[in-house]
Structure formats: structure tokens, C-alpha cells
Amino acid sequence: MSKPRVFVTRIMPAAGLDRVREACNAEIWSGEMPPPYETLREKVRGVDGLLCMLTDRIDGQLMDAAGPGLKVISQMAVGYDNIDVPAAQVRGIPIGHTPGVLTEATADLAFGLLLAAARRIVEGANYIQDGQWRTWDPNALLGRDLSGATLGIIGLGRIGRAVARRAAGFNMRILAYSPSLTFESAAEVNAVAVDLETLLRESDFVSLHLPLNARTRHLINRVTLSQMKANAILVNTARGGIIDHAALVEALRSGIIGGAALDVTDPEPISPDDPLLSLPNALVVPHIGSASQWTRDQMARMAAENLIAGVTGQPLPNRVPTG
Ligand code: DGY
């Protein structure tokens with residue numbers, strides 16, 4: 001019997017790619033950059049399965065270009081805002097993703113960004129590289145203490161909870177907001193459930209852990225930024241689109257908030273000329289929340305398992321919830 005035909009949009013870790021190659025007749029895009037949309041439409045023609053990345057736009061037209069044989073879309077990421085889920089649903093195509101395995105790595109990075117911004121670690125490294133360090137200085141590079149400060153976590157799901165566990169270890173007071181968060185569920189990670197406005201008003205640090213969708217797009221905007229403390233630091237390891245980028249630049253410039261530490265931006269990649277990058281109170285890294293070897297191996301393995309299950313008519317081990 002011939003193997004199912006699949007297209008994989010990037011060279012992913014061998015932990016997953018080898019499985020795909022064994023089980024499928026796979027074409028793998030070997031470019032350093034993602035396949036352009038039009039090329040992807042050509043490549044998926046007649047495939048049984050598509051394994052894609054968050055850098056690929058997967059819409060109804062692309063699904064139609066693949067044709068009626070497309071049995072599964074498997075994304076190597078937990079987030080799937082690049083995929084038109086309703087379009088897949090009406091076509092009966094299940095979508096796979098990789099929840100769970102990137103929780104700790106992403107929480108580590110969120111906390112790393114928080115610490116780096118609070119204690120001005122990158123500024124300190126640059127200070128030495130620029131040849132400015134002449135003596136220990138009682139007044140130089142003074143930052144903010146974490147112990148006793150309040151952390152507001154917006155989105156207390158898997159990653160938000162992992163961030164809360166880290167914050168408890170640093171003796172922080174933790175507030176949390178999610179639309180259906182209960183007091184008991186927040187208390188499990190030493191957090192107090194509050195409404196969004198209270199969280200923004202009382203937090204010294206605010207960390208975002210929400211999916212990007214129509215409800216969360218630009219949740220952080222001119223109005224919500226103005227509700228934050230004037231020295232608050234905003235951390236985003238979720239999706240860039242949750243923040244209104246222009247409003248953030250303005251808030252950082254005019255001192256409406258104290259700083260931002262971002263793993264994600266809108267758009268990605270951020271242009272090297274973007275005004276955000278010239279602000280001394282903004283720290284930006286290139287979407288590396290899940291970028292540890294173990295984590296990426298697990299993501300690739302899960303994406304391969306979802307793909308193989310889909311093309312062989314089995315239920316996906318990790319299917320994106322619908323409806
Ligand atoms: C995801 O899986 O959605 C992450 O953003 C990848 O780092």
C-alpha cells in the first residue's frame with residue numbers, strides 16, 4: 001500500500017521529522033524562510049496531510065487548493081491563530097497542535113524577561129560592551145525588586161500558572177485575570193482572581209498568557225495601558241497582536257508605563273527600523289519562548305504524531321478544540 005502524501009513546511013527537529021519520513025511520502029520545504037503563500041498553495045495540491053508552522057497562513061483557499069483528500073492540518077505550536085479554524089471545521093479537517101510540552105520553557109522565558117527588565121540586565125551588559133564601566137557605582141543601573149512586588153497574570157492557563165509558580169518562589173504577590181477564572185483555581189497557584197481593571201491598576205509587572213483571537217486582539221491598548229501603573233513593566237510571550245503596537249510605543253515614550261519586555265511582536269519579524277527598538281525601556285527578543293532543545297524535540301514529535309494519526313484515519317492525540 002502506498003504511503004500517505006504529506007507536505008512539511010520547514011525542516012523540524014529529527015525527533016519528529018524522522019517519524020514523518022518513515023510513515024509518509026513526505027515533501028519537506030528546506031528553505032530557511034517559510035514557503036511563500038502562493039508556493040504553499042502549489043505544494044499542498046493533492047496531499048493527505050499538512051504539517052505547518054505558526055509562520056504559515058492556512059486559510060480556506062489553501063485548504064481548497066489541497067483538495068478533498070486533505071485529512072489533517074498539524075501545527076508545530078500550541079497557538080494556531082495563523083489557521084482559519086472555522087474554515088477547517090466546515091471542511092471537516094481536524095487540526096492538531098502541541099499543548100503542554102512548551103509550558104515550562106515559555107514560563108522560563110517570561111520570567112527571564114521580567115527579571116531582565118526589572119534588573120536592567122541587558123542594559124548592564126551593553127554598558128560594559130560600550131566601555132562605560134569604570135567603577136562600582138552606588139547609583140548606576142538601579143532596577144526594581146521582585147520580592148514584595150505585584151505580578152498581574154492575564155490568562156491563567158497552563159503557561160500563566162507556570163509563571164505564577166515561579167513568581168511565588170520570588171515572594172511576589174500574584175493577581176490573575178482570565179474570563180472564567182474562579183477564586184479557588186487561582187488560589188491553587190497562590191494567585192488572587194481579580195477583574196482586569198484591578199489587575200492593571202495594582203500590578204507592578206503584567207504578563208500576558210492568552211491565545212490571540214477576536215476577543216483578545218488589542219486587549220492591551222491606549223485605554224488599558226493608561227490603567228496601568230506609571231512604572232509598570234509589561235511582559236508578552238503570547239502573541240504580538242494582543243497588544244496595540246502603536247499604543248505601546250506611545251505609552252513607553254511618554255512614560256504612561258515604565259517598560260516592556262517582549263518575545264512576540266506584531267508583525268513578526270519586527271522591522272529593524274521600528275521605533276520600539278530605539279526605546280531604552282523596551283527589550284525585544286525574537287519569539288524564542290519555546291526555543292529549548294528538549295521542548296522543540298517534543299513539539300516536533302507531537303506534530304508528527306498528530307499528522308500521522310490524521311492521515312491514517314485515527315483520532316488526533318492533540319486536537320484543537322472546536323466550537
Ligand atoms: C507556540 O507554540 O504557539 C509558541 O508561540 C511557539 O514558540
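Both ligands and their constituent atoms are indexed starting at 1 by order of listing. Note that the numbering runs from 1 along the sequence shown for the chain.
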| field | Any donor-acceptor N or O pair under 3.5 Å, side chains Thr237, Asp263 | value |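 Note: Thr237 and Asp263 side chains miss the donor-acceptor criterion.
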
| message | If only side-chain N and O atoms count, and only distance matters, is there a donor-acceptor pair under 3.5 Å linking Asp195 with Thr198? | response |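 The criterion, which ignores hydrogens and geometry beyond distance, is satisfied for Asp195 and Thr198.
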
| query | Between Arg57 and Asp84, is there a salt bridge with N-O shorter than 4.0 Å? | reply |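 Salt bridge flag = no for Arg57 with Asp84.
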
Other cluster members, [X] - Ile/Leu/Val/Met/Phe/Trp/Tyr, side-chain contacts below 4.5 Å:
X: Val264; result: none
X: Val320; result: Phe7, Trp29, Tyr37, Leu40, Val44, Val47, Leu50, Ile58, Leu62, Met63, Leu70, Ile73, Tyr80, Ile83, Val85, Ile93, Ile95
X: Trp136; result: none

| field | Residue shell around ligand 1, heavy atom under 4.0 angstrom | value |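 The answer is Leu54, Ala77, Val78, Gly79, Leu102, Arg239, His287, Ser290, Met299, counting any residue whose heavy atom sits under 4.0 Å from ligand 1.
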
